[in-house]
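Note: hydrogens, waters and symmetry copies are ignored here, and every other heavy atom, side chains too, is used. Proteins get letters first, then strands, A, B, ... in listed order; numbering begins at 1 in each.
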There are 2 protein chains.
Amino acid sequence: MSQARTAQEERDPTLATAVHRRLREDILAGRLPPGRKLKLRDLVEQYGAGPSPMREALSKLAAEGLAERLEHRGFRVAEAAPGQLAGLIRSRVLAECAALRAAIADGGPEWEEALLLAAHRLNRVARSLDPQRFVSNPEWEDRHRDFHQALLAGCGAPPLLAFCDRLRDEAERYRALANAMAYPGRDVAAEHAAIACAALDRDAAAATGLLAEHYERTGAFIGTSLGRLAGAVAP
Amino acid sequence: MSQARTAQEERDPTLATAVHRRLREDILAGRLPPGRKLKLRDLVEQYGAGPSPMREALSKLAAEGLAERLEHRGFRVAEAAPGQLAGLIRSRVLAECAALRAAIADGGPEWEEALLLAAHRLNRVARSLDPQRFVSNPEWEDRHRDFHQALLAGCGAPPLLAFCDRLRDEAERYRALANAMAYPGRDVAAEHAAIACAALDRDAAAATGLLAEHYERTGAFIGTSLGRLAGAVAP
DNA sequence: CGTGGAAGGAATTTCGACAAAACCTCCGGT
DNA sequence: ACCGGAGGTTTTGTCGAAATTCCTTCCACG
């Protein structure tokens, strides 16, 4: 038993990173509702780590925008108002469309091939684990993320890509909060195929237009769901 | 003397934020060269704060991209290679042009008026404190920052604006590292006026084109300066 | 009856010491 | 001479308690 470490522990070299990951997942999944006070004492008890790693994890989350710090008043989970969602979606559309346009203009053959591959892999995986009702398929989520990353990867602007990832995480949180995973009346697969097709055709106008629609449609849907739920998740 | 706090201390409610600000300024000004090891013991001694606030400041800097953390190996100042500068400039051009385009399309009268005002105020301040040789004028720097912020403020995407601010800070660091503040053979004031004019004319193509040139020219200049200095700032 | 202020309680922030990990050096073996 | 490993040193990461700050409540006063 010389290697008693699990794979999870192997990826989290320090307690602070481990607790950061767990907190992050809990916020992204909506288990910690927006605005919830994050009391250090309770967290220490619940996550089984000292105040130092916990504080560091919270600080990191605050920098990522998933939590907010109130000086001398501790931390709380970031708010999730419909108005903020609008700004988020708008930022996402603007940033990703800019990156996509750049990728279309300057992306090399390796970008093309990676995108083709990612689109193919996404198509090979079922969206839902259950054909009858919607059950989130982790592998589809991964392929979906990979597809959108591959779409922008050719833009040659790593900081912008990192920013897009962060926005994706935040959008993910809203999606979980609205916990309405089954987008009604949409053929998501067809939308992805159309985006990839336009990008590979080097049609920037069409590609960015489709991408913007892709996000705005989801955003509008989540926004209304969230509006109905507003206040229902109070602590 | 019931209010013994200075204005500086008033804005830094906790030791961690104060130390964060100081470290940030030292990195941005280039006083801490890229790649420099940030040993906790030394920092505690130099900045006069305990390990906890210092660690928290470093964690925040790492999240901002100004420092990088090596698990179990502490922190170091973020690297500054010419290749990374290229990605940074590219990200900046893409993000700001997207925001500018959105502001031009949707910016209301408040945006127009604020931009007009910012452009005017920038013109009223001298670029250099000394007419003969270049001496950085703090007020011009402030007005310059305000101008660029006002330019994008109408885009309605707060996260994108925050991202642009972060990129500006990083670019500032490169500028300080190349410590070549006097851009030779350029009429910066005219460039700003042209950008503002195009934006107010709602000419998105012209405005974004000018903005991109504005940054790329500076970036290219700093890149060559940095290339010459590469390795000269080793610890 | 409403308002201002002070004391009490709770939470955050900070400190200093402990434990664990990584780096460097040195030694022995091949 | 070179590679591999063990020991010591430095540095990081973690813990629990003390100090400071903020919020709440209660009482006195206008």
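- Classified by interplanar angle (parallel below 30°, tilted 30° to 60°, perpendicular above 60°), the ring pair B/H148/B/H144 is perpendicular.
- Separating the CZ atom of A/R73 from the C1' atom of D/dC23 is a distance of 9 Å, rounded to the nearest angstrom.
- The one candidate from A/R173, A/E68, A/K37 that meets the side-chain contact (heavy atoms from CB on, under 4.5 Å) condition with A/V77 is A/R173.
- Going from atom CE of B/M54 over to atom P of C/dG16 covers 13 Å, rounded to whole Å.
- Of all the heavy atoms in B/L167 and A/P159, the pair that sits closest is CD2-CB, 4.1 Å.
- Of the side-chain N and O atoms in A/R41, none sit less than 4.0 angstrom from OP1 or OP2 of C/dT12.
- Across D/dT12, D/dC22, D/dG13, the shortest atom-to-atom separation from the side chain of B/K39 is found for D/dT12.
- Between A/H72 atom NE2 and D/dC22 atom C1' the separation is 9 Å, expressed in whole Å.
- Using a 4.0 Å cut-off between charged nitrogen and carboxylate oxygen, A/D169 and A/R166 do not count as a salt-bridge pair.
- Between B/L40 atom CG and C/dA17 atom P there is a gap of 15 Å when expressed in whole angstrom units.
- Under 4.0 Å is where a charged nitrogen must lie from a carboxylate oxygen, and between B/D12 and B/R21 at least one such pair does.
- Note on B/D42 versus B/R36: no salt bridge recorded, every NZ/NE/NH1/NH2 to OD/OE distance being 4.0 Å or above.
- Note on B/L38: only backbone sugar-phosphate atoms sit closer than 4.0 angstrom, heavy atoms only; bases stay farther off.
- Side chain of A/K37, nearest nucleotide from C/dT12, D/dT11, C/dA22: C/dT12.
- Closest to the side chain of B/F75, out of C/dT12, C/dT13, D/dG13, is D/dG13.
- Following rounding to the nearest Å, B/H20 (NE2) and C/dT14 (C1') show an atom-to-atom distance of 18 Å.
- A salt bridge links A/R69 to B/E56: at least one charged side-chain nitrogen sits closer than 4.0 Å to a carboxylate oxygen.
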Write down the protein N/O and nucleotide N/O pairs, taken from nucleotides 14-17 of chain D, whose separation is under 3.5 Å; answer none if there are no such pairs.
from	atom 1	to	atom 2	distance (Å)
D/dT14	OP1	A/L15	N	2.4
D/dC15	OP2	A/G50	N	2.6
D/dC15	N4	A/S52	OG	3.0

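- Taking atom CD on B/E71 and atom P on C/dA22, their separation rounds to 11 Å, with Å as the unit.
- The CG atom of B/D12 sits 21 Å away from the P atom of C/dT12 (whole-angstrom rounding).
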